[in-house]
Amino acid sequence: MMIVMTPHATTEQIESIVQHVKDEGFQPHRSDGKEQTVIGVVGIVDRDVDPRQFEVLDGVAKVVRLSSPFKLASRQFKEEDTIVDVGKGVLIGGTEVVLMAGPCTIESKEQVDAIAPIVAQAGARIMRGGAFKPRTSPYSFQGMGEEGLKHLRIAADRHNLLIVSEVMDRSQIDMMLNYVDILQVGARNMQNFDLLKDLGKVRRPVLLKRGIAATLQELLLAAEYIMAGGNTQIILCERGIRTYETSTRNTLDISAIPVVKTMSHLPIIVDPSHSTGLRHLVAPVARAAIAAGADGLIIEVHNQPEKALCDGAQSLLPAQIEQLGHQIAGIAQSIGRRFQPAA
Ligand code: PEP
Ligand code: MN
């Protein structure tokens, strides 16, 4: 349920409603929009509450029952787009299109040192690299852990890049906060509810990837878990879903971008690497994603993909990411957005 205040509601009236909601045993979540304040009432099943008990209070314009099961993540609750401030002037969800790029997994100090300048040159503001890898086989390389994050941080700092890296388990969160600017939740963990709840307690942006068989409603309910804990800095990621098609690793759901933008105020980026699985398909799909309104891209890049420990076949070569950066700039401009590849 949402309590929509009148445009002229006073601070006292808003605070008094917030208190009233708490007194009734619910959690209020306040959203101060340009026009008016909306108070989301969390912790209830809408049908069990009579909205009139809130409607009669001073300063209340109307009370709206929500049709969607998620509240805080919904466009109804917050009309304006959420812009996630990652630091160093990087904003995700605004006019600027943001590129995250780097290897699938951190393999060595030398490897991340070689890749950081390549992705910075292409216009990436954020470097990716997994330290904990969710591998389908237990015998595959599982990641370098904390040592890898140290290498990634040093390499990224040298080129003024921020870092995104996957957190696989709640026990890794505290350690990772020392190194990463965005905590990534992988597709396989989208419904790891204990992990999501713990990420709700931190104040660091989260990149939440869509599960391989998740509906968009389920993706937004996963975001709601994090938001209910108070962490509203979430970037969604469409990374392809599993279908009967076998010519690509997954099937990119391009319509997820405009659909999510209708359902939610959260920014959404696209991962063309895991959705296609093949290098020559990455650029066309990346270009389509930007044209469809994605707020950014996360792309795998490797300086020696033939030697990569993970996902070499889908990793772009240095010249390819640089070329893609220029193409993205052109597409972004044509739809009133911006992307700045390095000079
Ligand atoms: C990744 O980005 O490294 C990854 C494993 O992606 P996903 O969780 O989408 O499979
Ligand atoms: Mn990968």
Side-chain angles (χ1 to χ4, degrees), residues 84 86-88 90 92 97-109 111-135 141 143-145 148-168 172 176 179-189 204-210 235-240 267-277 279 282 285-286 289 294-305 308-318 320-322 324-325 328:
V84 176
V86 194
K88 293 189 176 171
V90 179
I92 303 179
V97 164
V98 176
L99 175 62
M100 310 181 186
C104 177
T105 182
I106 306 161
E107 299 168 12
S108 66
K109 179 182 176 309
Q111 178 230 24
V112 284
D113 283 350
I115 296 174
I118 295 166
V119 298
Q121 177 65 29
R125 302 296 313 274
I126 301 167
M127 184 164 177
R128 64 153 288 147
F132 299 101
K133 295 304 300 175
R135 304 302 298 276
F141 177 61
M144 283 185 81
L149 290 174
K150 287 184 183 163
H151 297 320
L152 184 63
R153 183 79 260 174
I154 293 168
D157 281 347
R158 215 175 275 138
H159 298 276
N160 199 31
L161 293 163
L162 297 161
I163 287 178
V164 58
S165 195
E166 176 164 352
V167 54
M168 277 183 63
Q172 296 158 354
M176 289 188 72
Y179 304 97
V180 311
D181 302 293
I182 304 176
L183 291 152
Q184 175 177 330
V185 176
R188 292 155 194 81
N189 260 325
R204 190 74 52 95
V206 173
L207 176 66
L208 179 62
K209 297 187 100 179
R210 181 180 184 181
I235 305 139
L236 304 168
C237 180
E238 164 60 40
R239 46 78 72 206
I268 178 162
I269 68 165
V270 165
D271 176 344
S273 308
H274 292 92
S275 50
T276 61
R279 185 177 305 137
V282 170
V285 165
D295 296 298
L297 296 163
I298 180 163
I299 299 183
E300 290 184 341
V301 175
H302 205 290
N303 57 328
Q304 293 179 300
L309 293 182
C310 183
D311 286 348
Q314 67 191 32
S315 299
L316 290 190
L317 295 159
Q320 290 177 313
I321 188 74
E322 189 167 348
L324 181 59
I328 292 169

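Values below: every heavy atom of this structure, side chains too, minus hydrogens, waters and symmetry copies.
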Check your understanding: Do Met144 and Glu107 pass the side-chain contact (heavy atoms from CB on, under 4.5 Å) test, and can you show the C-alpha distance, the side-chain angles, and the key distance before you say yes or no?
Key -> CA-CA 7 Å; Met144 283 185 81; Glu107 299 168 12; 5.5 Å; no

Exam field: side chain [X] to backbone [Y], donor-acceptor pair closer than 3.5 Å:
{"X": "Arg128", "Y": "Cys104", "result": "yes"}
{"X": "Glu322", "Y": "Pro318", "result": "no"}
{"X": "Ser165", "Y": "Gly129", "result": "yes"}
{"X": "Gln111", "Y": "Thr105", "result": "yes"}
{"X": "Arg204", "Y": "Ile182", "result": "no"}
{"X": "Asp271", "Y": "His274", "result": "yes"}
{"X": "Asn303", "Y": "Ile115", "result": "no"}
{"X": "Arg279", "Y": "Ser315", "result": "yes"}
{"X": "Asp181", "Y": "Leu162", "result": "no"}
{"X": "Gln314", "Y": "Asp311", "result": "no"}

Could you grab the distance from atom [atom1] of [X] to atom [atom2] of [Y], nearest 0.5 Å is fine?
{"X": "Leu207", "Y": "Ile298", "atom1": "CG", "atom2": "CD1", "value": "5.5 Å"}
{"X": "Ser273", "Y": "Leu316", "atom1": "OG", "atom2": "CG", "value": "6.0 Å"}
{"X": "Met168", "Y": "Gln184", "atom1": "CE", "atom2": "CD", "value": "11.5 Å"}
{"X": "Tyr179", "Y": "Asp157", "atom1": "OH", "atom2": "CG", "value": "12.0 Å"}
{"X": "Leu183", "Y": "Ile163", "atom1": "CG", "atom2": "CD1", "value": "11.5 Å"}
{"X": "Ile92", "Y": "Ile269", "atom1": "CD1", "atom2": "CD1", "value": "6.5 Å"}

Practice item. Carefully, step by step, assess Lys133 and Cys310 under the rule side-chain contact (heavy atoms from CB on, under 4.5 Å). Key: CA-CA 9 Å; Lys133 295 304 300 175; Cys310 183; 4.2 Å; yes

Does the side chain of [Y] come within less than 4.5 Å of [X]'s, by heavy atoms?
{"X": "Cys237", "Y": "Ile268", "answer": "no"}
{"X": "Glu300", "Y": "Pro103", "answer": "no"}
{"X": "Met176", "Y": "Phe132", "answer": "yes"}
{"X": "Val90", "Y": "Ile126", "answer": "yes"}
{"X": "Leu149", "Y": "Arg153", "answer": "no"}
{"X": "Asp295", "Y": "Val98", "answer": "no"}
{"X": "Pro134", "Y": "Asn189", "answer": "no"}
{"X": "Met100", "Y": "Ile299", "answer": "no"}

Check your understanding: Please walk me through it: do Ile328 and Val97 pass side-chain contact (heavy atoms from CB on, under 4.5 Å)?
Key -> CA-CA 9 Å; Ile328 292 169; Val97 164; 4.2 Å; yes

Can you give me the closest heavy-atom contact between [X] and [Y], atom names plus distance?
{"X": "Gly186", "Y": "Lys209", "result": "C-CB, 4.1 Å"}
{"X": "His151", "Y": "Ser108", "result": "CD2-C, 4.3 Å"}
{"X": "Pro267", "Y": "Val84", "result": "CG-CG2, 3.8 Å"}
{"X": "Pro272", "Y": "Val285", "result": "CB-CG1, 3.8 Å"}

Review point. Should Val164 and Val180 be marked as a side-chain contact (heavy atoms from CB on, under 4.5 Å) after you check the CA-CA gap, both sets of side-chain angles, and the distance that decides it?
Key: CA-CA 6 Å; Val164 58; Val180 311; over 6 Å; no

